[in-house]
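For reference, the structure is listed below as structure tokens.
To find a chain, count down the sequence lines: A is the first, B the second, and so on, and within it residues start at 1. Below, each value reflects all heavy atoms present in this structure, side chains not excepted, and no hydrogens, waters or symmetry copies.
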Amino acid sequence: MPVEIQILAFAQARDIVGFSSRAVPCAPEETPRAIVERLAPGALITHLRVALDCEYADWDAPIGSAREMAIIPPVSGG
Amino acid sequence: MPVEIQILAFAQARDIVGFSSRAVPCAPEETPRAIVERLAPGALITHLRVALDCEYADWDAPIGSAREMAIIPPVSGG
Amino acid sequence: MKIEIHFTGEHIVIPPTAWPSREIGACLEFQGIVREQEGESAVAGLHYEAYEPMARRLVERHLHEVGALHPCAVVLFIHRLGWVPVGEVSLFIRVLSAHRGEGLALLAATVDRLKQDVPIWKRGL
Amino acid sequence: MKIEIHFTGEHIVIPPTAWPSREIGACLEFQGIVREQEGESAVAGLHYEAYEPMARRLVERHLHEVGALHPCAVVLFIHRLGWVPVGEVSLFIRVLSAHRGEGLALLAATVDRLKQDVPIWKRGL
């Protein structure tokens with residue numbers, strides 16, 4: 001049963017996937033990698049991390065009940 | 001040829017030698033240990049350091065041309 | 001440990017110091033300032049962007065973890081976002097503790113971890 | 001490295017910050033505060049005494065030595081002397097540097113060495 005989840009892309013990740021925010025119906029068993037591939041075919045995510053509901057997650061584990069997925073390039077705060 | 005040198009004692013060292021400042025004629029070949037023993041016979045200097053002209057010195061080396069000798073208990077600044 | 005975390009789009013205004021108890025012996029403050037030379041090139045400033053709810057959560061978790069090793073009384077963390085010109089402060093951290101050792105250790109570890117995984121990004125402009 | 005060292009019998013007044021160049025990336029400040037619990041007993045304050053010319057000379061030497069390992073741009077060192085009540089600042093150190101690592105290292109090493117051999121003494125009252 002797909003539910004709508006919010007996909008966010010920050011900093012350089014925006015250029016890689018081509019959007020900063022999208023609401024997308026996803027099935028709980030879909031993985032972040034599959035979702036990105038569906039939204040931005042061929043996008044190179046090698047240097048990016050993914051977070052589900054504000055926690056770092058695995059690109060290849062199902063998103064389960066997460067409602068927000070963030071695509072996170074290397075950080076550089078401070 | 002003795003010259004007058006200034007002897008300073010700080011913090012607990014004052015209680016040990018019984019003065020805070022004295023001008024005392026000393027010979028260049030005298031050692032700090034001998035000078036203190038002369039001014040305060042029996043004073044227990046085990047935990048004290050000595051400085052000559054603002055540099056830490058040896059209790060048993062001659063004072064040479066120093067003009068100021070300071071008796072320095074364990075420090076506790078900050 | 002009392003923790004305060006702020007993200008702000010405005011100039012960082014450093015709050016006046018006050019000690020919460022008579023057992024505070026050390027106040028450590030860090031200001032990170034935008035430099036002209038950023039890597040290879042000269043910049044006029046940096047633009048900061050954050051994934052704020054996650055950044056807040058991670059900074060708070062780091063502070064609790066590091067604070068368990070180096071107990072401190074109070075931590076104030078302020079990160080500026082948006083455009084920050086050269087010479088202005090992008091990050092302010094204040095740590096109050098009984099002894100300087102804990103405060104220094106917490107401060108150092110906090111900035112290190114900030115640079116590892118807290119979702120904040122800068123780009124030179 | 002620009003070094004300023006002050007000993008004062010008055011309240012420490014922390015000078016406003018200013019960066020000497022556009023390459024300053026970190027400002028670290030340490031305030032040492034008199035605590036009520038000093039070792040075994042509660043005190044109303046501490047009395048500080050220094051052998052000032054020697055203390056100044058050693059602090060300056062330490063800063064040069066430590067600064068050779070951890071290059072910084074500016075160090076301001078202020079130590080209060082005489083009576084300092086609980087809750088007031090006895091020691092203030094500010095370090096400006098390009099990067100936080102050097103500033104943190106210089107600050108930590110400076111306070112450590114202060115406690116080793118700089119002729120300043122406190123007693124609780």
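One N or O on the side chain of C:H79 and one on the backbone of A:G78 form a donor-acceptor pair closer than 3.5 Å.
Taking the side chain as every heavy atom from C-beta outward, A:C54 and C:Y51 approach each other to under 4.5 Å. For the pair A:F10/C:P119, no side-chain contact is recorded, criterion being any heavy-atom separation below 4.5 Å from C-beta on.
Looking at A:P74, the atoms closer than 4.5 Å to chain C (heavy atoms on both sides) all sit in the backbone: N, CA, C or O. When heavy atoms are compared at a cutoff of 4.5 Å, C:V118 approaches chain A solely by way of its backbone atoms N, CA, C and O. Only the side chain of C:L91 comes within contact range of chain A, with at least one heavy atom under 4.5 Å from a heavy atom of that chain. With a 4.5 angstrom heavy-atom cutoff, C:A55 does not touch chain A via any of its atoms. With a 4.5 angstrom heavy-atom cutoff, C:L58 touches chain A only via side-chain atoms. Contacts between C:R80 and chain A at a heavy-atom distance below 4.5 Å are absent for every atom of the residue.
Closest of all the heavy-atom pairs between A:A11 and C:W121 is CB-CG, 3.6 Å. Considering every non-hydrogen atom in both A:V75 and C:K115, the closest pair reads CG2-O, 3.6 Å.
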| message | Would C:R57 and A:E55 count as a side chain to side chain contact (heavy atoms under 4.5 Å, CB included) here? Give the steps. | response | CA-CA 9 Å; C:R57 183 190 290 205; A:E55 294 290 345; 2.9 Å; yes

| request: Apply side chain to side chain contact (heavy atoms under 4.5 Å, CB included) to A:E68 and C:M54, showing your working. | output: CA-CA 11 Å; A:E68 190 171 84; C:M54 183 171 171; over 6 Å; no

